[in-house]
**Student:** 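Let me give you the structure first, and then I'll get to my questions.
Just so it is clear: chains get the letters A, B, ... in the order the sequence lines come, proteins before strands, and each one is counted from 1. Every value quoted in this text rests on a predicted model; they were computed, and no experiment measured them.
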Amino acid sequence: MPHLLDIEYRDGHIILWIKQGSKCTPHRVGYYPRIYLECPVHNRHLISTLPQVRQVRVEQKITSLGQEPQDVLAISLDDWGGVFNLADMLEQRGWRAYNVDLPPTRQFLLENGLFPMAQLDPQLHLDDDQQTTDYSLPELTTLELDITPQSGRNPCFSDPLRDIRLGDHIFEGMPEADMIENLSSTLKRLDPDVILTHGGDSFQLPYLYHRAAKTGASLQLGREKDEPPPQNKGRSYFSYGRIIYKPGGYQLRGRLHIDSQTFIVKEGGMQGLIDLGRITGIPLQQLSRLSPGSAVTALQVNQALKDGVLVPWRRNLSENFKTAEELLRSDRGALILEPRVGIYENAAEVDFTSLFPHIMVTKNISPETVLCECCPDSPERVPFIGYNICQKRLGLIPRVIGPLIKRRMTYKKMADGGSEEHRMMQNVLKWLLVTSFGYMGFNKARFGRIECHESITAYAREILLQTMEIAQGLDFDILHGIVDSLWVRGSGDPRELCDLVSETVGIPLELKGHYHWIVFPSNRNNRAGAMNRYFGLMTDGKMKVRGIELRRRDTPRFIRKLQHDMLDQMKCASTVDELYNNLPSVLDVVRRYADEILSGRADPEELVFTTHTRHKLEDYRQKGSQAAALYQLREEGVDVQPGQAVQYIHTDHRSRNFHNRVKVAELIEPGTLYDRQKYYDITLRAAESLLRPFGYDREVLDDVVMGSEQMQIEGF
DNA sequence: ATCACCCGGGG
DNA sequence: GTGTACGGGTGAT
């Protein structure tokens, strides 16, 4: 049976790439995409005279969630090219444009009920169900592509090619142009459906196109000539509290270029990507390069369009900053307790799975249901803040999130049978659920509303408080609690607690596990409990560690290994007494690592910090390590975008010139010396993170290490 | 002391 | 195209 592999739009046509048997062929269909306009209908004749407008019709549509349908103009376009200018011009007249950022491919799929990887009948009509979790896929042929330049550490476009690997084929030891043309002809012969790269967007493909242009070789990666060679530039954007650098995507015609270094592919694999493509209706090459937040928005947009609701263009785009009042109101987040500092035996951890999504569904939280005008006297009130919630209809968000939760649960069950594919599929859905909450409070979200965000966290606070009460009723001590998790200790059975709470609250509370022992350290500066740091040994033998250095991506490998080795020693203990008895062997580990640092034997490569820059060099107001690293890289002619990582070691921390305090990893040579005093300090600090709860602070550790007889330090 | 700057998830 | 807020830590000024 044929399947829809990919879809593109150009020159007024939709091109469907249909995979049947071992062949994949393009089918062209004329198509006129549409935008909508809210304006007095007598303007339709005026608008139909505009260039590129093909037809104007009056339709009944809902322009805002929760409102009644009204007359709007549906404007069909000959071409999508100038659509933003057109929409801009129309909005400048005081009218409102809709569906402007709904690309023609998605419009076509939605109108025809199609989706990527849908099964079709021989007449190419849909023979599939978009919502099913049990579907058949075509046999896709996949080839991995790897491109290596001649230089080692810091590859750049001026380096000539060393080799090209395509599946089992290797092209090397020949002129560059021959390698590239061999690649093109081999691709044509093997005709894979998918080209898989590891970082193809960020370096390998732009580099390959550059080399092809330079040598005059003809390069074709897609099933049709890729023209013009993609030139889309990368971008930096703000997400999850940090700048993320996103390279421009290199998409092919009739063949899927999938870069494994994208979020959705990393989290869901090819199976998760296809599954998401089916339910979102976004072509796979685009989808693979989106954030989970965009994917969940797509689901909401699809549902809205099905309901006859139009999607406004550039909603809230001007509101980049919240007002002081908004900030004040929205910062009442979920509940976080201050942990009871100390070391505990026999603790249990219980978690609500997908707490926020469950709240949205069971409490009917949606932009049009919270504070709705139709039920001002609704008995359903948001705790603490008293908002009324609609009783008459189920909101858009619950209608999207409900099926998503179900779908994830289906895959989770299948994954419990050991299926890796289903594990990946449920995993990527988990991320959609997680971000569906955050989007509610995002001022640029399509269907977000701050009152929804507030309501969800208010319910979450109430539910966690309720859970604590029930736990205390069952004689549990509460050790710690974060948003949707609770750590308890007591003589009772935590399973009983989970059952009782699940029953009372209506949202499943799961027993995450028991701890032989768990440690909640205090802050480094005061005696209070640190809210996001703990580590403990679970009864299944696994160590759970949060917040300390080894969890951070900027931590050098050396420090990570130190803490891993220390924890490995602690792992031998299954009681607090044994833990204390084991401390000498933990201290031995610290001594060994400190010794290695002080003697100068440590490998500089192991000492590299990796941090992601948030600004360009000029915009750094403080001359710290990041700025120094950027400066050194610029001297080498390397341009680093905000969001890209820089790597450096401390070479002379006390130097008066900040340029000399660090050295970027790219410049490390065999003779490069690191700052021993500085790294000794860092090493002891990392050791202290794990040992302070046992009474070993920085000074004690210093004595332990320096006091040992075998220490002979040169240079001190 | 205060400000600037980084990280945080799961398996 | 793009969740925020905030706690925790380190280092510069």
**Student:** Look up atom CG in A:Leu109 and atom CD1 in A:Ile282, then write down how far apart they are to the nearest 0.5 Å.
**Tutor:**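 A:Leu109 CG to A:Ile282 CD1: 10.0 Å, rounded to 0.5 Å.
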**Student:** Classify every nucleotide of nucleotides 7-13 of chain C by which part a protein heavy atom approaches to under 4.0 Å, writing B for the base, S for the sugar-phosphate alone and - for neither, in 5'-to-3' order.
**Tutor:** SBSSBBS
**Student:** Which value, in whole Å, describes the distance between the C1' atoms of nucleotides B:dG9 and C:dC6?
**Tutor:**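 Pairwise C1' distance, B:dG9 against C:dC6, rounds to 16 Å.
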**Student:** Between the side chain of A:Gln632 and the main-chain N/O of A:Val662, is any donor-acceptor distance below 3.5 Å?
**Tutor:**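 Checked: pair present.
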**Student:** Counting only side-chain nitrogens and oxygens, does A:Arg551 get under 4.0 Å of the OP1 or OP2 atom of B:dG9?
**Tutor:**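 Yes, such a contact exists.
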**Student:** Send over the distance from A:Met424 CE to B:dG10 P, rounded to a whole Å.
**Tutor:**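 From A:Met424 CE to B:dG10 P: 17 Å.
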**Student:** Regarding A:Lys561 and A:Glu549, does a basic nitrogen lie under 4.0 Å from an acidic carboxylate oxygen?
**Tutor:**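 Salt bridge flag = no for A:Glu549 with A:Lys561.
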**Student:** May I have the distance from A:Lys412 (atom NZ) to B:dG11 (atom P), rounded to whole angstrom?
**Tutor:**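 Rounded to whole Å, this separation is 8 Å.
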**Student:** Tell me, please, which residues at least two apart from A:His422 pass side chain to side chain donor-acceptor pair (under 3.5 Å).
**Tutor:**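 Here the qualifying residues are A:Ser419.
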**Student:** May I ask you to evaluate whether A:His453 reaches the phosphate of C:dT4, defined as a side-chain N or O under 4.0 Å from OP1 or OP2?
**Tutor:**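 Answer is no, no contact under 4.0 Å.
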**Student:** The side chain of A:Thr611 is closest to which nucleotide in this list: B:dG9, B:dG10, B:dC6?
**Tutor:**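 Shortest atom-to-atom distance from the side chain points to B:dC6.
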**Student:** For A:Ile548 and B:dG9, give me the distance from atom CD1 to atom P, rounded to whole Å.
**Tutor:**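 Taking atom P of B:dG9 as the reference, CD1 of A:Ile548 is at 11 Å.
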**Student:** Considering every strand and a 4.0 Å limit on heavy-atom distances, what is the contact class for A:Phe263: base, sugar-phosphate, or nothing?
**Tutor:**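 If one applies the 4.0 Å heavy-atom cut-off, A:Phe263 turns out to touch a base.
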**Student:** Please work out which of the three classes, parallel, tilted or perpendicular, describes the rings of A:Tyr534 and A:His480, given edges at 30° and 60°.
**Tutor:**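 Perpendicular: the ring planes of A:His480 and A:Tyr534 meet at over 60°.
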**Student:** Please report the distance, rounded to the nearest Å, between CG in A:Leu432 and P in C:dG3.
**Tutor:**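 My rounded result for the distance is 12 Å.
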**Student:** I want to verify a distance call: between B:dC5, B:dG11, B:dG8, whose nearest atom is closest to the A:His615 side chain?
**Tutor:**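 Selected nucleotide: B:dC5.
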**Student:** Using a heavy-atom cut-off of under 4.0 Å over every strand shown, decide if A:Tyr620 touches base, sugar-phosphate, or nothing.
**Tutor:**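 Sugar-phosphate contact only - A:Tyr620 comes under 4.0 Å of backbone atoms but never of a base.
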**Student:** For B:dG8 and A:Arg546 - does any side-chain N or O of the residue sit under 4.0 Å from the phosphate oxygens OP1/OP2?
**Tutor:**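 No, because none of the side-chain N or O atoms of A:Arg546 sits under 4.0 Å from OP1 or OP2 of B:dG8.
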**Student:** Mind calculating the distance between CD1 (A:Ile482) and P (B:dG9) to the nearest angstrom?
**Tutor:**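 A:Ile482 atom CD1 is separated from B:dG9 atom P by 10 Å.
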**Student:** Check every atom of B:dG8, B:dC6, B:dG9 against the side chain of A:Gln626 and return the nucleotide holding the closest atom.
**Tutor:**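 That would be B:dC6.
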**Student:** What's the CD1-C1' distance between A:Ile559 and B:dC7, to the nearest Å?
**Tutor:**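 To the nearest whole Å, that distance equals 16 Å.
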**Student:** Does the gap between the ring centers of A:His257 and A:Tyr250 come in under 6.0 Å?
**Tutor:**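 Between A:Tyr250 and A:His257, which both carry aromatic rings, the centre distance is not below 6.0 Å.
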**Student:** Round to the nearest Å and state the distance from A:Gln641 atom CD to C:dG1 atom C1'.
**Tutor:**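 Between C1' of C:dG1 and CD of A:Gln641: 16 Å.
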**Student:** Please report the distance, rounded to the nearest Å, between NE2 in A:His422 and P in B:dG11.
**Tutor:**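 A:His422 atom NE2 is separated from B:dG11 atom P by 18 Å.
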**Student:** Restricting to ring pair (Phe, Tyr, Trp, His ring centres under 6.0 Å), what partner residues turn up for A:Phe352, sequence neighbours left out?
**Tutor:**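 Per chain and number, A:Phe352 pairs via ring pair (Phe, Tyr, Trp, His ring centres under 6.0 Å) with no residue.
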